[in-house]
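Contents: one structure, followed by commentary.
Order of the sequence lines fixes the chain letters, A, B, ..., with proteins taken first and strands second; residue numbering starts at 1 for each chain. Note that the structure is predicted; figures quoted are calculated from it, not measured.
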Protein chains: 2
Amino acid sequence: MPKKKPALPRPTDTELRLLNVLWHHGPSTVREVWTHLGSDVGYTTVLKLLQIMREKGLVLRDEQATSHVYAAALSETETQTDLVGGFIDRVFGGSASRLVLHALGSKSVSPKELKAIRELLDQAEHDGK
Amino acid sequence: MPKKKPALPRPTDTELRLLNVLWHHGPSTVREVWTHLGSDVGYTTVLKLLQIMREKGLVLRDEQATSHVYAAALSETETQTDLVGGFIDRVFGGSASRLVLHALGSKSVSPKELKAIRELLDQAEHDGK
DNA sequence: AGGGGTAAACGAAGATCTTCGTAGCCGTGG
DNA sequence: CCACGGCTACGAAGATCTTCGTTTACCCCT
């Protein structure tokens with residue numbers, strides 16, 4: 001069985017924005033992250049956030065180059081799975097289906113998405129379990 | 001068209017616990033909420049929390065009786081819809097179907113739930129949009 | 001009237017988050 | 001060789017959250 005992970009702290013909303021940059025652009029320097037973020041935060045703010053996120057284990061950093069390169073510790077998918085799990089527990093008392101109900105209701109879901117979801121269902125059902 | 005609401009602040013995890021009590025037990029006094037919460041927080045902590053939540057508009061209070069009675073400002077369903085909407089935006093870039101994918105993966109979903117979800121889909125498709 | 005019990009209100013402390021100014025380091029161009 | 005630009009590190013401020021001790025108000029019973 002898979003070794004149990006130490007379990008990282010849940011990223012804050014702001015941290016999530018930085019992680020999104022790292023996921024979509026790959027390992028990046030502070031300046032790169034800062035640039036992709038638009039100009040609503042200062043450079044040193046981004047630096048500090050990344051330093052703290054590193055202490056928390058949310059990101060890793062390569063110090064080879066003069067400008068350190070940061071990378072997300074967990075993939076976007078892994079993080080999403082973690083977040084969804086906690087969210088279901090906190091907000092829906094553990095019921096995934098109730099979450100889906102609201103997911104379908106809160107945002108208008110395109111027919112295309114409906115189709116995709118339906119396929120997921122077929123898939124899930126087929127896997128048994 | 002429906003009047004736009006002022007939009008309440010997103011409740012914190014702790015506030016969500018209190019709201020859950022109010023939703024499941026109906027309007028309650030501080031003592032009642034405190035009791036249902038188990039003994040991991042002090043009475044005055046619960047009181048303070050409810051006072052602040054009131055300032056935020058998350059709960060309403062009836063001051064008729066000596067012991068004030070607090071009630072959730074929004075129903076559980078309304079709150080869940082709000083939270084899911086924001087969650088989809090923050091974590092899944094607005095894609096509801098990606099949320100559903102993870103919802104089906106993060107927790108094991110019973111066949112019963114799968115069936116329920118499928119019905120929701122039919123429903124959603126029927127409503128068009 | 002006095003005393004006990006329960007409730008709300010207040011205030012403050014400690015934790016975490018987000019923000020950024022400032023200082024120190026280092027390589028490069030002039 | 002030294003100033004400059006870009007980088008990391010540090011520290012601190014202000015906001016919000018969570019916690020509770022203490023105080024104040026009210027009511028009822030004797």
Side-chain angles (χ1 to χ4, degrees), chain A residues 7-22 25 27-73 79 83 86 90-91, chain B residues 6-22 25 27-73 79 83 86-87 90-91:
Chain A
L8 303 179
R10 176 155 53 111
T12 65
D13 290 354
T14 303
E15 289 169 344
L16 208 42
R17 290 184 59 210
L18 301 217
L19 287 175
N20 263 305
V21 173
L22 296 180
H25 296 83
S28 312
T29 62
V30 174
R31 182 156 300 279
E32 287 166 344
V33 173
W34 175 69
T35 301
H36 287 303
L37 237 40
S39 52
D40 55 350
V41 281
Y43 175 88
T44 54
T45 301
V46 175
L47 170 63
K48 183 67 158 185
L49 284 172
L50 286 171
Q51 287 171 343
I52 292 176
M53 289 168 75
R54 176 169 176 259
E55 286 168 11
K56 295 183 183 177
L58 292 173
V59 299
L60 306 172
R61 126 179 130 174
D62 180 352
E63 310 184 357
Q64 291 307 111
T66 314
S67 300
H68 301 171
V69 174
Y70 289 85
T79 302
L83 290 178
R90 283 194 307 282
V91 181
Chain B
L8 303 180
R10 175 154 54 110
T12 65
D13 290 355
T14 304
E15 288 168 345
L16 209 42
R17 289 184 60 210
L18 301 217
L19 287 175
N20 264 304
V21 172
L22 295 180
H25 296 84
S28 312
T29 63
V30 174
R31 181 157 300 279
E32 287 165 345
V33 173
W34 175 69
T35 302
H36 287 303
L37 238 38
S39 51
D40 56 349
V41 281
Y43 175 88
T44 54
T45 300
V46 175
L47 170 63
K48 183 66 157 187
L49 248 9
L50 286 171
Q51 286 172 343
I52 292 176
M53 287 168 75
R54 176 169 175 260
E55 285 168 12
K56 295 183 183 177
L58 292 173
V59 299
L60 306 172
R61 115 179 140 179
D62 180 351
E63 311 185 357
Q64 290 307 111
T66 314
S67 300
H68 301 171
V69 173
Y70 290 84
T79 301
L83 290 177
F87 188 75
R90 284 194 308 282
V91 181

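Side-chain contact check for A:Leu19 versus A:Val59: some heavy-atom pair is nearer than 4.5 Å. Taking 4.5 Å as the limit, every side-chain heavy atom of A:Asp62 sits out of range of all side-chain heavy atoms of A:Pro27. The shortest distance between side-chain heavy atoms of B:Leu16 and B:Leu83 falls below 4.5 Å.
For the pair A:Thr14 and C:dT18, the criterion of a side-chain N or O lying under 4.0 Å from OP1 or OP2 is met. For the pair B:Thr44 and C:dA9, the criterion of a side-chain N or O lying under 4.0 Å from OP1 or OP2 is not met. Between A:Thr12 and C:dC17 there is no side-chain N or O to OP1 or OP2 distance below 4.0 Å. Listed pair B:Arg31 / C:dA7 meets the phosphate criterion, a side-chain N or O lying under 4.0 Å from OP1 or OP2.
For B:Glu63, the CD atom sits in a packed shell: over 12 heavy atoms of surrounding residues, nucleotides or ligands are nearer than 6.0 Å.
At a threshold of 4.0 angstrom between heavy atoms, the contacts of A:Tyr43 include nucleobase atoms, whether or not backbone atoms are also involved.
Between B:Glu15 and B:Lys56 the shortest heavy-atom distance is OE2-NZ, 2.6 Å. Across all non-hydrogen atoms, the minimal contact from A:Trp34 to A:Tyr43 is NE1-N, 3.4 Å.
The distance from atom CG of A:Leu18 to atom OG1 of A:Thr12, rounded to the nearest 0.5 Å, is 8.0 Å.
Taking atom CG of residue A:Leu47 and atom C1' of nucleotide D:dG6, one finds them 12 Å apart after rounding to whole Å. Regarding B:Trp34, its CH2 atom lies at a distance of 14 Å from the P atom of D:dT19, rounded to whole Å. Rounded to a whole Å, the CG atom of B:Asp13 is 14 Å from the C1' atom of D:dT16. Per the geometry, CD belonging to A:Glu32 stands 11 Å off P belonging to D:dT8, to the nearest Å. Atom CG in A:Leu18 sits about 13 Å away from atom P in C:dC17, given to the nearest Å.
When each of B:Lys48 and B:Thr29 is assigned the nucleotide of DNA chain C with its nearest heavy atom, B:Thr29 is the one assigned upstream, toward the 5' end.
Interface residues of residues 49-71 of chain B facing DNA chain D, ordered by number: B:Leu49, B:Ile52, B:Lys56; criterion, heavy-atom separation under 4.0 Å.
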